[in-house]
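Below, all heavy atoms of this structure are taken into account, side chains as well, without hydrogens, waters or symmetry copies.
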Amino acid sequence: LAGVVPTLKMAPNGLRRPATELPHTERLQGYCTRVLRSASRVCLRFHQPESFTQLLQYLLVDTADPLMARQAILQVGSDFFRAVRKFGLVPSFHPAIRRLSESAMLGSPESLSAAMGWFVLGNDTVGTHLLDAARERLFVLGVPKLRERTALALQYAAALGYAPQPIALGRLEELILRLDPLEPRGATNRYFTLQPLILVDTLVNAVIGDDLELGPAVRRWLDDEEFLIRRRITRDLTEQLAGNSHGSGFSHGKGIVP
């Protein structure tokens, strides 16, 4: 985790390759997104609020490429926003999520990532507005290009997993009944059609996920409670370990029971 911010700083120069490969900007965007996604998951899994706070500080304040940072956050989506919520950083992040929403084109997959952020952070009104724009583009205006329609449908299904249940369930059913065909091309099609299977997987995860079952409000309460409990455990354990270093606890084979 200590190497995440230095890695992101070095990435623009470290990823330069021959022009025959992916454009430098696209390659850099994908790399930063993967690093940020992995770091967010590790911080959540092992409760590392300090490391995530440093990462957030770099992305929102210290980065030399704010546009790249915003795009990476939008690509990461739920893992990043959940870490913001669980580590008690919602108040400081509200201006940033507002800028993220403004930078994303309405009805785009990126705007749906911002919708996840608003639902996770507690503003269901803005999140629903972004869902409405994506729904209109999918079912009213239409998306003629298969690849774009597939990407939008997948992100729409994922975002519905974070919406309040009364909103999400009807829209998930509508997505199944009304969605036009998805991207059929690809090497996997000689065995199975991959994109529809990914959509089905996303829909199932949205329906059975904790965020939809419990609702955004209950999930926020549970995350706040978990953060307070983990912070107290960390503080008590640190104090106990400091006491052990003076000749008690582990040094006498007693161990610790937090």
Side-chain angles (χ1 to χ4, degrees), residues 1-11 14-15 27-63 65 68-90 92-94 96-97 100 104 109-110 112-122 127 151 154-163 198-199 201-214 216 218-231 233-234 237:
L1 288 176
V4 171
V5 171
T7 297
L8 293 175
K9 290 180 179 178
M10 293 186 296
L15 291 177
R27 187 167 59 250
L28 177 62
Q29 179 69 64
Y31 177 78
C32 291
T33 299
R34 291 194 298 273
V35 170
L36 185 54
R37 180 180 293 115
S38 297
S40 300
R41 289 176 178 174
V42 171
C43 288
L44 281 170
R45 175 66 180 82
F46 297 101
H47 188 66
Q48 297 293 320
E50 294 82 6
S51 296
F52 187 80
T53 301
Q54 293 173 4
L55 178 59
L56 190 65
Q57 170 71 19
Y58 169 74
L59 292 170
L60 300 184
V61 180
D62 300 334
T63 179
D65 192 343
M68 183 64 68
R70 288 198 299 268
Q71 289 300 315
I73 292 173
L74 288 173
Q75 291 294 327
V76 172
S78 59
D79 290 321
F80 182 87
F81 297 130
R82 184 174 284 112
V84 170
R85 183 179 67 190
K86 282 198 171 186
F87 295 143
L89 301 172
V90 171
S92 61
F93 190 68
H94 265 290
I97 187 63
L100 289 171
E110 290 75 18
L112 290 170
S113 293
M116 292 183 196
W118 284 116
F119 284 129
V120 169
L121 300 181
L154 289 172
Q155 196 70 352
Y156 182 67
L160 287 174
Y162 295 87
I198 293 177
L199 178 61
D201 181 69
T202 305
L203 289 168
V204 171
N205 283 319
V207 172
I208 67 175
D210 289 341
D211 285 274
L212 183 63
E213 181 180 356
L214 297 175
V218 176
R219 174 54 55 187
R220 287 193 294 271
W221 297 335
L222 292 176
D223 284 339
D224 291 342
E225 186 72 14
E226 179 184 347
F227 174 72
L228 294 174
I229 293 172
R230 283 178 175 269
R231 187 171 61 179
I233 290 174
T234 301
L237 184 59

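- Y58 is not listed as a side-chain neighbour of V4, based on a closest heavy-atom distance of 4.5 Å or more.
- Atom CG of L59 and atom CD1 of I73 lie 5.0 Å apart (nearest 0.5 Å).
- Between A158 and M116, the shortest heavy-atom distance links the atoms CB-CE, 3.6 Å.
- In terms of heavy atoms, G127 sits closest to A115 at O-CB, 3.8 Å.
- The minimum heavy-atom distance linking L1 with A39 is given by the pair CD2-O, 4.2 Å.
- The two residues A2 and P6 have their closest heavy-atom pair at O-CD, 3.4 Å.
- Judged purely by atom type and a 3.5 angstrom limit, S40 uses its side chain to pair as donor or acceptor with the backbone of L36.
- Put simply, the side chain of T53 does not reach to within 4.5 Å of the side chain of Q57, judged on heavy atoms.
- Counting heavy atoms from C-beta outward, T63 and M68 have side chains that stay 4.5 Å or more apart.
- At a threshold of 4.5 Å between non-hydrogen side-chain atoms, the residues F52 and V84 count as touching.
- No side-chain heavy atom of V76 sits under 4.5 Å from any side-chain heavy atom of F81.
- Here the straight-line distance linking atom CZ of R45 with atom SG of C43 works out to 13.0 Å at 0.5 Å rounding.
- Separation of atoms CG (L160) and CD (Q155) is listed at 10.5 Å; rounding is to 0.5 Å.
- The minimum heavy-atom distance between I97 and G117, with the atom names listed, is CD1-CA, 4.3 Å.
- Taken from OG1 in T33 to CZ in F80, the straight-line distance is 11.5 Å, to the nearest 0.5 Å.
- Two rings, from F87 and F93, have their centers 6.0 Å or more apart.
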